[in-house]
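Encoded as structure tokens, the structure appears first; notes follow it.
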Amino acid sequence: MSITQMEKEAGESPSIIAKRMQDNSQVLHDLCSRLRKNPPHFAITIGRGSSDHACTYAKYLLETHLGLVTASAPPSVLTLYGTELNVKNSLVIGISQSGKSPDICDLMQAAHKNGAVTLAIVNTEDSPLAKAAEFVIPMDAGAELAVAATKSYLASLAILVELIAIWTQDKKLLQALQILPERLTAALELDWSEAIPKLKPVNNTLVLGRGFGYPIAQEAALKFKETAAIHAEAFSGAEVLHGPFALIKQQHPYLLFTQGDNALEGMLHLSKKIKVLGGEPIIAIAPNQIDAAYLKDVATIALPLPETLHPVCDPLMVIQSFYLMMAKLAVARGFNPDQPDNLQKITETL
């Protein structure tokens with residue numbers, strides 16, 4: 001059976017990221033030199049859909065590595081309500097595959113005018129968003145024909161990691177980035193087919209992650225909805241213990257995304273709590289250093305991952321493997337993941 005466009009494009013990610021790190025390093029060095037000389041007081045992100053999930057990832061990076069308070073700016077504050085934000089002495093990051101959504105471009109333009117350092121991470125280098133920003137980092141992902149973003153999302157995450165690594169001059173993270181394309185290639189070769197029979201008959205699921213795993217959970221939940229018509233909600237592994245925990249029930253699948261950092265123990269404990277309450281199947285994606293017997297005790301299925309690289313980079317391997325599984329799941333459910341119902345590639349919100 002021929003592979004979907006979604007699978008093909010997701011499979012291009014390792015080579016795209018490897019090439020991009022060579023081509024755009026000077027722009028990142030120039031930007032980081034500016035940011036070290038005049039540190040911003042706070043940061044703002046702008047994005048929608050998969051790009052907004054990349055913005056959540058940026059928030060975790062900026063706050064954990066730099067202590068830089070980061071917020072997501074709703075473009076409607078400007079475009080619907082006519083209020084310009086006070087962004088002087090801030091860093092504003094806009095992320096967009098197309099770079100054409102008018103509201104995101106308007107907010108970026110206003111931020112630049114009002115004294116922010118502005119960065120556009122875009123796949124289309126001559127797009128309106130790129131023209132509105134002071135610094136531009138192209139994803140260099142090439143044409144993305146499938147409606148569901150894959151390689152552009154992964155490219156944007158890799159750019160954000162490189163930004164933080166250069167800005168903070170983190171040697172371990174810089175070294176991890178050099179190995180990242182190789183590990184993403186290994187992630188493409190993993191077999192996650194065991195999860196498909198568990199997910200094929202369902203109409204609802206919860207996707208859980210914490211810390212750097214949370215924006216990956218957000219992205220996975222979106223892909224469930226847009227490619228396979230499964231209603232999926234993403235929650236923080238901490239937040240789900242509040243009101244959403246009332247949703248835990250039998251015959252209801254749960255996906256838990258983890259990474260090898262301080263969030264890991266709590267996520268595995270959460271998995272066990274769900275299992276004790278009768279929630280199954282639990283599909284856990286955990287670093288390979290976790291004891292297999294323990295994983296079997298807390299989850300129904302443990303999906304494999306490549307050898308852990310760095311807690312910040314490991315979530316990229318998770319979503320790389322997930323994209324391939326998701327495309328196959330969509331086909332198994334009778335859907336075309338390349339052309340979801342009611343959607344188009346470029347969404348222009350006003």
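Remember, it's a predicted structure, so these values are computed and weren't measured experimentally. Numbers here are sequence positions counted from 1.
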* To do: Could you pull out all residues at least two apart from Thr4 that satisfy side-chain hydrogen bond (donor to acceptor under 3.5 Å, both in side chains)?
  => Glu7
* Within the distance-only criterion (no hydrogens, no angle test), does the side chain of Thr300 pair as donor or acceptor with the backbone N or O of Ile282 below 3.5 angstrom? -> yes
* Can you find a side-chain donor-acceptor pair between Glu219 and His53 that sits under 3.5 Å? -> yes
* To do: Go through the steps for Phe212 and Phe257 under the test ring pair (Phe, Tyr, Trp, His ring centres under 6.0 Å), then give the verdict.
  => CA-CA 9 Å; Phe212 291 101; Phe257 292 142; over 10 Å; no
* To do: Check side-chain hydrogen bond (donor to acceptor under 3.5 Å, both in side chains) between Glu233 and all other residues, then give those that pass, not counting sequence neighbours.
  => His231
* **His29 backbone acceptor or donor facing Arg34 side chain under 3.5 Å** => no
* **All salt bridge (Lys or Arg N to Asp or Glu O under 4.0 Å) counterparts of Glu84, not counting sequence neighbours** => Lys113
* To do: List for me each residue that meets side-chain hydrogen bond (donor to acceptor under 3.5 Å, both in side chains) alongside Lys272, sequence neighbours excluded, and say none if there are none.
  => Asp297
* Structure fact -> The salt bridge (Lys or Arg N to Asp or Glu O under 4.0 Å) partners of Glu63 (sequence neighbours excluded) come to Lys59
* To do: For the pair Lys151 and Glu12, find out whether any cationic side-chain nitrogen is under 4.0 Å from an anionic carboxylate oxygen.
  => yes
* Partners passing side-chain hydrogen bond (donor to acceptor under 3.5 Å, both in side chains) against Asp191 (at least two apart in sequence or in another chain) -> Ser193
* **Atom of Ile164, atom of Leu61 and distance for their closest heavy-atom approach** => CG1-CB, 3.7 Å
* Asked: Do the two ring centres, one from Phe322 and one from Phe224, sit under 6.0 Å apart?
  -> yes
* Just by distance, do the side chain of Gln259 and the backbone of Gly213 share a donor-acceptor pair under 3.5 Å? -> yes
* **Option among Leu305, Leu309, Leu316, Thr308 that satisfies the side chain to side chain contact (heavy atoms under 4.5 Å, CB included) test with Arg183** => Leu309
* Residue pair Ile283 / Leu256, side-chain heavy-atom distance below 4.5 Å -> no
* To do: Determine whether Ile95 and Ile104 make a side-chain contact, defined as any pair of heavy atoms from C-beta on separated by less than 4.5 Å.
  => no
